Participant: 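The structure follows.
Please read these numbers as outputs of a predicted model, since none were measured by experiment.
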Amino acid sequence: MTHTEATDKARQLLSTESEGAVWLAMIDTSEFLNLSGVARKYFDRSGNWLQQRLHGYKVNGKPATFKPTELQQLSQALRHMAQVLTTSADNIDKTTHNS
């Protein structure tokens, strides 16, 4: 099995569980997404709060996890960011075509 095949298989397995799907989303966006900004804007929490949940750090003796409502908030936040990025790109395209 090649590295690419192994990566694809790991992605398939991870995407079937919410924790894995969150990890994949964060890996895919980590180069351009500011997690502290996401935590503040969409959860009114600190970057540390988001990191605790992403990594399962212990908080009050238990691993921190996302509640179902927080998972929904995160997916809505990613959709909102995608919409903002698409609109911004479209606006740039419009000005480029008018030049």
Side-chain angles (χ1 to χ4, degrees):
M1 181 180 296
T2 68
H3 177 71
T4 302
E5 290 170 335
T7 301
D8 290 344
K9 185 172 183 176
R11 283 183 163 282
Q12 283 181 327
L13 291 172
L14 284 171
S15 67
T16 62
E17 298 290 327
S18 61
E19 287 180 25
V22 169
W23 260 102
L24 287 173
M26 295 304 108
I27 289 169
D28 291 343
T29 60
S30 65
E31 290 186 32
F32 57 87
L33 196 62
N34 178 324
L35 294 181
S36 292
V38 170
R40 281 191 308 277
K41 179 171 178 70
Y42 295 100
F43 294 95
D44 198 27
R45 303 283 189 143
S46 70
N48 286 337
W49 176 88
L50 186 55
Q51 290 288 347
Q52 289 167 348
R53 275 134 194 85
L54 290 174
H55 296 287
Y57 295 150
K58 287 191 178 184
V59 176
N60 297 324
K62 295 189 225 173
T65 60
F66 287 102
K67 296 175 186 169
T69 56
E70 293 166 341
L71 288 170
Q72 186 63 34
Q73 264 183 280
L74 181 58
S75 66
Q76 289 172 349
L78 289 170
R79 284 188 184 92
H80 177 255
M81 288 181 271
Q83 182 180 25
V84 169
L85 289 168
T86 299
T87 299
S88 297
D90 290 346
N91 289 337
I92 291 170
D93 286 344
K94 287 176 191 173
T95 63
T96 305
H97 291 47
N98 291 333
S99 297

Participant: To the nearest 0.5 Å, what is the distance between CG (Leu85) and CG (Asp90)?
Facilitator: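 Separation between the atoms: 11.0 Å.
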Participant: Tell me, yes or no, whether the heavy-atom count around Asp44 atom CG, taken from other residues, nucleotides or ligands under 6.0 Å, exceeds 12.
Facilitator: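 No, because the 6.0 Å sphere around CG of Asp44 holds 12 heavy atoms or fewer from other groups.
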Participant: Suppose we screen for ring-ring contact (aromatic ring centres under 6.0 Å, His included). Which residues come up paired with Phe66, at least two apart in sequence or across chains?
Facilitator: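 If we apply the ring-ring contact (aromatic ring centres under 6.0 Å, His included) test to Phe66, skipping adjacent residues, there are no hits.
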Participant: Applying side-chain hydrogen bond (donor to acceptor under 3.5 Å, both in side chains) as the test, list every pair that has at least one member in residues 59-73; sequence neighbours left out.
Facilitator: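 Listed once each, the pairs would be none.
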Participant: Please answer: with hydrophobic residues joined when any side-chain heavy atoms are less than 4.5 Å apart, are Leu54 and Leu33 in the same cluster?
Facilitator: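 Yes, it is one cluster - the side chains of Leu54 and Leu33 are joined through contacts under 4.5 Å.
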Participant: State, to 0.1 Å, how close Leu50 and Leu35 come at their nearest heavy-atom pair, and which atoms those are.
Facilitator: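 It is CD2-O, 3.4 Å.
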Participant: Under a 3.5 Å distance rule, please check whether Ser30 uses its side chain to pair with a backbone N or O of Ile27 as donor and acceptor.
Facilitator: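 Yes, because the side chain of Ser30 sits within donor-acceptor range (under 3.5 Å) of the backbone of Ile27.
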Participant: Would you check if the side chain of Thr87 reaches a backbone N or O of Val84 as a donor-acceptor pair within less than 3.5 Å?
Facilitator: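 A pair under 3.5 Å: no.
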Participant: Not counting sequence neighbours, which residues clear side-chain contact (heavy atoms from CB on, under 4.5 Å) with Ala77? List them please.
Facilitator: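 Tyr42, Met81.
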Participant: Run the side chain to side chain contact (heavy atoms under 4.5 Å, CB included) check on Glu17 and Trp23 step by step: do they pass?
Facilitator: CA-CA 10 Å; Glu17 298 290 327; Trp23 260 102; over 6 Å; no
Participant: Between Ala39 and Ser46, which heavy-atom pair has the shortest distance, and what is it?
Facilitator: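 Looking at all heavy atoms of both residues, the shortest contact is CB-O, 3.2 Å.
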Participant: Report the distance from atom CG of Asn34 to atom NZ of Lys41, rounding to the nearest 0.5 Å.
Facilitator: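 Here the rounded value is 12.5 Å.
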Participant: Is there a side chain to side chain contact (heavy atoms under 4.5 Å, CB included) between Arg45 and Arg53 once you walk through the steps?
Facilitator: CA-CA 12 Å; Arg45 303 283 189 143; Arg53 275 134 194 85; 5.5 Å; no
Participant: Look up atom CG in Leu74 and atom CE in Met26, then write down how far apart they are to the nearest 0.5 Å.
Facilitator: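 Here the rounded value is 4.5 Å.
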